[in-house]
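In the text below, chain A, chain B and the rest are named by the order of the sequence lines, each starting its count at 1. From a predicted model like this one, the values you see are computed outputs, not experimental measurements.
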2 protein chains.
Amino acid sequence: MSGDKTDAADEPEQVAGNGLLHRRLFLTQGLTLAGALGVAGQASAQTALPKRPDWMTRQGAGLSGYGQPSKFEEGVKRLTGQPNPLFPSVGSTRTPLEKLNGMITPNGLHFERHHSSVPDINPDAHRLLIHGLVRKPLAWDMSALARYPMTSVIRFIECSGNSGAAKRNVPQTSVGQIHGLVSCSEWTGIKLSHLLDETGLADGASWIIAEGAEASSMVRSIPLETALDDVIVALYQNGERIRPEQGYPMRLLVPGCEGSVNVKWVHRIKVVSEPGDSRDETGQYTDLMADGRALKYTLLMDVKSLITHPSVSMKLAQPGVYEVSGLAWSGHGAIRRVEVTADGGKSWADAELSGPVLPKCLTRFRIPWSWTGGPATLASRAIDDRGNVQPTHEVAIARYGEIGAYHYNGIQPWAVAQTGEVANVRM
Amino acid sequence: MSGDKTDAADEPEQVAGNGLLHRRLFLTQGLTLAGALGVAGQASAQTALPKRPDWMTRQGAGLSGYGQPSKFEEGVKRLTGQPNPLFPSVGSTRTPLEKLNGMITPNGLHFERHHSSVPDINPDAHRLLIHGLVRKPLAWDMSALARYPMTSVIRFIECSGNSGAAKRNVPQTSVGQIHGLVSCSEWTGIKLSHLLDETGLADGASWIIAEGAEASSMVRSIPLETALDDVIVALYQNGERIRPEQGYPMRLLVPGCEGSVNVKWVHRIKVVSEPGDSRDETGQYTDLMADGRALKYTLLMDVKSLITHPSVSMKLAQPGVYEVSGLAWSGHGAIRRVEVTADGGKSWADAELSGPVLPKCLTRFRIPWSWTGGPATLASRAIDDRGNVQPTHEVAIARYGEIGAYHYNGIQPWAVAQTGEVANVRM
């Protein structure tokens with residue numbers, strides 16, 4: 001390989017309007033790369049050795065039993081909304097997607113949604129009971145569950161109320177504030193089908209009702225077909241035992257389905273013939289459609305994507321080449337393509353998908369973009385391997401109406417002004 | 001699916017001696033499953049609803065900005081060895097592999113190896129300099145690096161001194177104490193080749209020397225061919241910025257190569273014509289072979305595996321079916337097969353590999369085992385996609401000798417006594 005740039009003369013190859021470049025241009029030499037990195041390099045180019053910094057002149061911190069982020073990253077926290085005046089522990093916190101990269105969400109920053117509060121569960125006293133339309137009701141303690149075969153999968157969990165602010169166009173300060181009710185972890189646990197194999201199923205069994213062991217006993221109904229497919233009683237998240245706010249000592253993982261059915265602190269599963277129509281699935285998590293129908297048990301989360309870098313409230317320092325990067329996912333399967341536009345939807349180009357591209361998992365996408373300094377509107381559109389295409393805002397509204405608070409997956413445009421400031425807009 | 005077990009009459013299908021079962025038997029009905037889960041179920045079977053536990057009767061904890069593990073998991077910490085009396089911050093901590101599951105290591109439990117201590121680096125004052133045999137020396141600050149295209153990969157990092165206790169047969173209390181200098185994360189950063197494209201390379205460039213910004217300025221030499229291949233200047237670990245003990249604000253990721261060349265707190269890369277022969281790669285990280293030769297720059301970590309469940313110091317409660325589970329990896333590429341024995345190597349069976357199976361990444365393997373209550377010797381043997389086979393202790397010793405402290409990858413047997421106690425043995 002040679003660093004010689006002097007003979008690079010061609011214009012960069014554009015793959016779509018307003019500066020979207022072929023992704024290979026970041027992986028090979030050429031004018032685009034030289035230009036891009038030249039700008040970045042100029043910003044701080046120096047040829048002298050760095051002055052010996054203070055931290056190289058003294059003994060620093062020692063070994064530790066459990067690490068924590070740098071004090072310089074204290075600002076990277078889950079984002080809180082309006083506290084509930086009656087019950088401060090009820091509500092949600094969001095993953096600060098604009099501060100993260102890759103596809104894994106660190107356990108400390110996985111979004112929260114609590115219907116009462118986080119129970120302080122002693123795992124030695126916790127039991128998982130399966131009863132109802134079964135041949136042999138059984139309860140397991142932790143030592144019994146530890147005997148079962150484990151399965152590990154990397155999957156997203158998204159609250160069905162995610163992105164409501166985008167639907168209602170509420171001004172927000174960051175992509176995490178708008179869309180941060182989605183996170184992604186490696187989950188390890190026992191397939192629920194193994195446990196149902198042991199209890200057996202009685203005639204008429206067609207749904208399960210899962211109940212959490214928090215004060216509000218949140219319950220959700222899940223079709224038996226789903227329960228026997230890829231549902232896991234998850235004990236581990238990103239290698240370690242699940243955190244309390246994620247369901248310690250165990251939660252259901254229902255891949256691709258709305259967050260609340262991934263029941264946290266699960267302690268009871270009742271096999272039944274009909275869904276439970278609990279308050280949690282009638283007073284909320286019901287979709288009021290544009291035509292006035294109210295749909296229940298619309299569990300699968302639709303195909304969706306958003307650009308995290310750059311995103312609302314960021315400011316581009318100067319014209320030049322930037323990497324446009326974001327996340328895509330679908331509850332139906334794996335992401336097949338993510339298209340990106342820089343001209344408000346007039347033209348689109350395929351972004352590069354960062355592997356492994358897994359089903360029902362966040363997928364990081366990336367594409368280089370040459371910002372000339374003029375106005376631009378960036379947006380992404382995801383397509384999954386079932387052929388589902390992320391809709392525009394108008395199409396999403398036409399389906400779910402203006403009122404419904406759940407399952408919004410409309411395309412999220414960001415407007416870049418000539419000042420470099422990025423704003424949340426409609427396309 | 002039916003829960004009827006009464007007609008299950010066949011003996012479980014054994015795939016190797018002393019009770020190793022076909023992995024499909026955990027995914028279908030049959031006597032093995034019923035037996036296995038029957039034992040587990042009996043351990044705590046009850047048909048009544050659990051008594052309403054205390055934690056369901058009161059408001060628990062609220063929302064939090066950055067989550068932490070349950071207080072009931074306080075015992076899950078990085079494992080420390082003998083503290084250095086002269087310099088307590090020098091040394092290592094190990095990942096408690098016996099307490100984890102899946103392939104991702106949570107950031108708080110990634111192993112540590114420090115040659116002086118953990119510097120308290122202000123990222124705004126940190127610079128990455130590339131100089132030496134380049135056309136244009138350059139230094140980047142964080143804002144400049146943030147402009148570059150990012151790459152995300154899930155890769156292991158293993159200290160080349162890992163498993164030395166197994167080589168010397170030092171009694172140890174856990175698999176983490178013996179083999180816990182290996183961890184696995186999703187790393188996100190900038191390909192070093194992009195930065196070297198910008199500086200350009202001068203005639204004679206054939207190695208790089210990377211230096212860390214800790215007090216001891218640990219330096220390692222890396223062949224230019226490797227540096228231009230898949231080396232990353234990593235800024236993010238499992239989604240968030242790298243932790244201080246892992247190199248905040250940036251470290252090199254040199255996939256598959258011994259841990260110390262994944263230089264933490266990297267602030268200087270000098271392009272040179274010959275390796276540096278620094279104290280860090282002569283006074284240590286040199287392999288004294290059986291024939292007396294001392295090899296340097298043996299950077300690639302060899303194919304390796306170990307069983308984490310069950311493992312030394314664990315105790316099997318009673319005869320019955322257990323899942324034998326562990327980790328396999330290779331610096332040469334992806335794991336192709338992991339074979340498991342329960343009869344001390346007389347017979348072997350293929351374990352199931354938990355996907356995605358990625359190159360230079362930890363791979364979780366699993367196989368069901370029916371323990372009759374008699375003595376058994378469990379061990380795993382990994383084979384990578386280059387055909388490298390994990391050697392026995394004798395073959396590993398014949399290659400690296402008794403003295404050399406690095407690159408030990410011998411097969412690790414565990415002896416299960418009739419009491420159910422698991423011990424560290426030779427096969």
* Heavy-atom distance under 4.5 Å to chain B: side chain of A/S64, backbone, both or neither? -> both
* Asked: Taking the six-membered ring of A/F111, is NZ or CZ of A/R78 closer than 6.0 Å to its centre and within 45° of its axis?
  -> no
* Asked: Under 6.0 Å from the six-membered ring centre of B/Y236 and within 45° of its axis: does the NZ or CZ of B/R241 meet both?
  -> yes
* Interface moiety of A/P356 toward chain B, non-hydrogen atoms closer than 4.5 Å -> side chain
* To do: Starting from the C-alpha separation in whole Å, work towards a yes-or-no answer on side-chain hydrogen bond (donor to acceptor under 3.5 Å, both in side chains) for A/N107 and A/Q246.
  => CA-CA 9 Å; A/N107 289 344; A/Q246 295 308 323; over 6 Å; no
* To do: Looking only at non-hydrogen atoms, find the nearest pair between A/D120 and B/W55 and report the distance.
  => O-CE3, 3.7 Å
* So, A/R135 side chain and A/L201 main chain: donor-acceptor pair closer than 3.5 Å or not? -> yes
* **Under 4.5 Å from a heavy atom of chain A, the part of B/I121 involved** => both
* Using the ring of each side chain (for Trp, its six-membered ring), is A/W265 parallel, tilted or perpendicular to A/H114, with breaks at 30° and 60°? -> tilted
* To do: Side chain from CB out, backbone as N, CA, C, O: work out which of these in B/S325 comes under 4.5 Å of a heavy atom of chain A, or both, or neither.
  => neither
* Hey, is the main chain of A/G60 close enough, under 3.5 Å, to the side chain of B/S117 for a donor-acceptor pair? -> yes
* **Among B/N101, B/L79, B/L100, residue most engaged with chain A (heavy-atom pairs, under 4.5 Å)** => B/N101
* At a heavy-atom separation under 4.5 Å, does A/E214 approach chain B through its side chain, its backbone, both, or neither? -> backbone
* Asked: Using 30° and 60° as the class limits, which term best fits the ring planes of A/W187 and A/H110: parallel, tilted or perpendicular?
  -> perpendicular
* Asked: Can any side-chain N or O of B/T105 pair as donor or acceptor with the backbone N or O of B/C184 at less than 3.5 Å?
  -> yes
* To do: Could you have a look at B/A317, B/S70, B/A146, B/P119 and say which one has the most heavy-atom pairs with chain A under 4.5 angstrom?
  => B/S70
* Which portion of A/R58 sits near chain B, non-hydrogen atoms under 4.5 angstrom -> backbone
* **Contacting moiety of A/E186, where chain B heavy atoms sit under 4.5 Å** => side chain
* Tell me, side chain or backbone of A/S89 under 4.5 Å from chain B's heavy atoms, or both, or neither? -> both
* Structure fact -> From the list A/S92, A/A215, A/P106, the residue making the most non-hydrogen contacts under 4.5 Å with chain B is A/P106
* Where does B/Y66 contact chain A at under 4.5 Å (heavy atoms): side chain, backbone, both or neither? -> both
* Structure fact -> Turns out that what part of A/I154 lies under 4.5 Å from chain B's heavy atoms comes down to side chain
* Asked: Can you tell if the side chain of A/L235 reaches within under 4.5 Å of the side chain of A/T188, non-hydrogen atoms only?
  -> no
* Asked: So which of B/K77, B/R113, B/E245, B/E112 has the biggest tally of heavy-atom pairs under 4.5 Å with chain A?
  -> B/E112
* Contacting moiety of A/S354, where chain B heavy atoms sit under 4.5 Å -> side chain
* Asked: Non-hydrogen atoms of chain B under 4.5 Å away: do they reach the side chain of A/T57, the backbone, both or neither?
  -> neither
* Structure fact -> Looking only at heavy atoms, the pair that brings A/L109 and A/T95 closest together is O-OG1, 2.7 Å
* **Flag, side chain of A/R243 to backbone of A/E240, donor-acceptor distance under 3.5 Å** => no
* If you count heavy-atom pairs under 4.5 Å with chain A, which of B/R364, B/K71, B/M150 comes out on top? -> B/M150
* To do: Scan side-chain atoms only and decide if B/H131 and B/R268 contain a donor-acceptor pair under the 3.5 Å cut-off.
  => yes
* Asked: With only heavy atoms counted, which part of A/D54 is less than 4.5 Å from chain B, the side chain, the backbone, both or neither?
  -> neither
* Asked: Of the backbone (N, CA, C, O) and the side chain (C-beta and beyond), which part of A/F72 lies under 4.5 Å from a heavy atom of chain B, both, or neither?
  -> both
* Asked: Which one of B/P123, B/G91, B/S152 has the most heavy-atom pairs closer than 4.5 Å to chain A?
  -> B/S152
* To do: Measure B/N122 against the heavy atoms of chain A and call it side chain, backbone, both or neither at under 4.5 Å.
  => both
* Asked: B/G62, B/G108, B/P88: which one forms the most heavy-atom pairs within less than 4.5 Å of chain A?
  -> B/G108
* **A/Q318 side chain near B/R147 side chain, heavy-atom distance below 4.5 Å** => yes
* With a 4.5 angstrom heavy-atom cut-off, could you sort out which part of A/L63 is near chain B: side chain, backbone, both or neither? => both
